[in-house]
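Source: prediction; values computed, not measured.
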Amino acid sequence: MPTDCIPFKDTGYFSKIILDYLSQKTELQSFYGKFPVLENFRAQIQDKQKIFSLKHRSVLVEVLQQQYKTLEASQTTLSNIELLSKDTTFTVTTGHQLNLFTGPLYFLHKIVSTINLTKQLQDTYPNYKFVPVYWMASEDHDFEEINYFNFRGKKIQWNKQVSGIVGDIETQGLKDVFEIVSKELGVGKHANQLKELFENAYLKHHTLAEATQYLANELFKDYGLVVLDPNHKALKELFIPYLEKEVLDQVSFKAVQDTNQQISHLSTDYKIQVNPRKINLFYISKNLRERIVFEDETYKVLNTKISWNKAEILQEINQFPERFSPNVILRPLYQEVILPNLCYIGGGGELAYWFQLKSNFEANQVPFPILLLRNSVLIQTEQQAKKLKKLNITNKDIFLKRDAFINKKVRQISNIDIDFSEQINHLTKQFKDLYALAEQTDKSFIGAVAAQEKKQINGLQHLEKRLLTAQKRKLKDQVERMTELQNQLFPYGSLQERNTNFSEIYLEFGEQLIPKLIQELEPLKGEFTIITI
């Protein structure tokens, strides 16, 4: 069956700020750089080429070659790493947490969007080379956000006491999780492939960062994906000038705070995603990740005895830059300093916080990347697609919230009309005449007329609800079939891609899953994709 698309605005799952961005609302344009259309990448290439040095390229390539020594990389990936040394090569980047076994399904969608955009750019600008990069969020700390994945309605979780950054968490203890995963996956070719993938990633690698890099490489190495762990001393050394600026001048705090105020004034529907701190850095070492603060003319690491004066912290930055970790405000800047990057691909929440950061990039004289909303996808089987067609459920219908979905379908399939809007409109017109009569006779009766109008309209609405409920009971079998189908495609009442793990889909489709996504997803199309496999 053919792939279908619907506008993001018709899904009901995207924020106003993202929908306004996609429609290029004028008031938002100062908060992002160039809009993601192919012709805008030429100027982005030129901007990045002017500022990104061969030294940075050399360091980046050397670090990647070190990180890939223990990985069985494809020749395409190795060639892409080599190409990054040339000033005609640029990256397209997506980032993601180190979720257990990739976490939600959109992990795949992000990376496929990134790979496919590099292909489009290569076709459009053949004089340059474009490399897809997955930036591992190895310096995050919130283990509870990443220590599980959902599989067929069950939460498979890794329970462990941890501290410090997640990339350094040792994989010891995942054997017990593997036994649970094996049992849940069952038997068969695809199940065995998934078991082997989990075992090789998590039982044969020492840290969560190493395991995640292996996993992403195995899934996408055929497409030349480059997986980068940014937690590396040589890369942090490139960021030293910005670290110094952060602790001395607090540039990001001032810039982002001003931007947040501007965004808040535009619309009450625009939610501020992140708030800056005076110093947007953590201090990290083994089992430690704590904020750096400036109090009483002293720089301190919270919840420790570590402190410095101005000269001492500058010395610490220059000697041990790997101990300084950017928070959510500074991480994007770090990314754009160490990568020859043109475009960042992320979800709605990510792009919303990137809008808050453009002024900080300008203050640091670093080109702001093009921002692209990742592909969002609903994957359905042919059997599910046939059931939808048989029940006369459109792809737009299936995105409705549960009550609205059932009410709409019950009204459509009923042999009686359960829509009292015409009667309510007729009643409203009648009361207009009563209001006019009250005006001409005794205005004190206007309140009584209004009360009677409200009472009768409420009565009609209540009667409509009762009839609808009765009809739902009468059509119980059809309602249950529709509800079950929507539950399958929208687990927990939310988007499939935000809940379901890829393993659940892989069991059904196996090796054809990722190639199908590569074939069907169009990053610049700007619509929600429904794929039938």
Do [X] and [Y] get their side chains close enough for a donor-acceptor pair, meaning under 3.5 Å?
X	Y	value
Gln75	Ser79	yes
Glu484	Gln488	yes
Asn341	Thr93	yes
Arg402	Asn487	yes
Thr532	Glu382	no

(request) Check for a donor-acceptor pair, side chain of Asn280 on one end and backbone N or O of Ile329 on the other, with a separation under 3.5 Å. (result)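 Here the side-chain-to-backbone pair does not exist.
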
(message) Ignoring hydrogens, what is the shortest heavy-atom contact between Leu219 and Ile514? Give both atom names and the distance.
(response)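 Closest approach of Leu219 to Ile514: O-CD1, 3.6 Å.
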
(request) Identify the heavy atoms of Leu373 and Gly347 that sit nearest to each other, and give their distance. (result)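 Scanning both residues completely, I find the closest heavy atoms to be CD1-C, 3.7 Å.
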
(request) With sequence neighbours excluded, tell me which residues meet salt bridge (charged side-chain N to carboxylate O under 4.0 Å, His left out) with Lys401. (result)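 With neighbours one apart ignored, the set is empty.
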
(message) Suppose we screen for salt bridge (charged side-chain N to carboxylate O under 4.0 Å, His left out). Which residues come up paired with Glu139, at least two apart in sequence or across chains?
(response)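 Result, salt bridge (charged side-chain N to carboxylate O under 4.0 Å, His left out) vs Glu139: Lys236.
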
Listed partners of [X] passing side chain to side chain donor-acceptor pair (under 3.5 Å), at least two apart:
X	result
Arg498	none
Lys221	Glu218
Glu82	Gln65

(message) I'd like to check the side-chain contact (heavy atoms from CB on, under 4.5 Å) partners of Val328; sequence neighbours left out, ordered by chain and number.
(response)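 Val328: side-chain contact (heavy atoms from CB on, under 4.5 Å) contacts with Val274, Tyr353.
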
(message) Tell me every residue that passes side-chain contact (heavy atoms from CB on, under 4.5 Å) with Leu71, counting only those two or more places apart in sequence or in another chain.
(response)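 In terms of side-chain contact (heavy atoms from CB on, under 4.5 Å), with neighbours along the sequence ignored, Leu71 is linked to Tyr68, Gln213, Tyr214, Asn217.
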
Are there over 12 heavy-atom neighbours, none belonging to [X], within less than 6.0 Å of that residue's [atom1]?
X	atom1	result
Lys195	NZ	yes
Gln261	CD	yes
Phe31	CZ	yes

(request) Could you label the plane-to-plane angle of the Phe130 and Tyr128 rings as parallel, tilted or perpendicular, counting under 30° as parallel and over 60° as perpendicular? (result)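 Tilted, since the angle between the ring planes falls between 30° and 60°.
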
(message) Which label fits Tyr134 and His96: parallel for a plane angle under 30°, tilted from 30 to 60°, or perpendicular past 60°?
(response)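 Tyr134 and His96: tilted rings.
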
Atom pair [atom1]/[atom2] of [X] and [Y] - distance to nearest 0.5 Å:
X	Y	atom1	atom2	value
Ile505	Leu108	CD1	CG	9.5 Å
Asn275	Gln356	CG	CD	7.0 Å
Asn499	Lys155	CG	NZ	11.5 Å

Those residues that, when tested against [X], pass ring pair (Phe, Tyr, Trp, His ring centres under 6.0 Å) (two or more places apart):
X	result
Phe405	none
Tyr334	Trp135, Phe239
Phe490	Phe399
Phe149	Phe101

(message) Enumerate the side chain to side chain donor-acceptor pair (under 3.5 Å) contacts for residues 13-42, please, sequence neighbours excluded, ordered by first and then second residue.
(response)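 Side chain to side chain donor-acceptor pair (under 3.5 Å) check on residues 13-42 returns Lys16-Asp20, Asp20-Lys25, Asp20-Tyr270, Lys34-Gln44, Lys34-Asp47.
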
(request) State, with a plain yes or no, whether a side-chain heavy atom of Ile398 is found less than 4.5 Å away from one of Gln486. (result)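 Result yes, sub-4.5 Å side-chain heavy-atom pair found.
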
(message) For Phe90, does the six-membered ring have the charged nitrogen or CZ of Arg57 within the cation-pi criterion, i.e. under 6.0 angstrom from the centroid and within 45° of the normal?
(response)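 Verdict for Phe90: a cation-pi partner in Arg57.
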
(request) Identify the residue among Leu60, Thr89, Ile51 that makes a side chain to side chain contact (heavy atoms under 4.5 Å, CB included) with Pro340. (result)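 When Leu60, Thr89, Ile51 are each tested with Pro340, the side chain to side chain contact (heavy atoms under 4.5 Å, CB included) holds only for Leu60.
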
(message) Closer than 4.0 angstrom, basic N to acidic O: yes or no for Glu520 and Lys525?
(response)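 Salt bridge flag = no for Lys525 with Glu520.
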
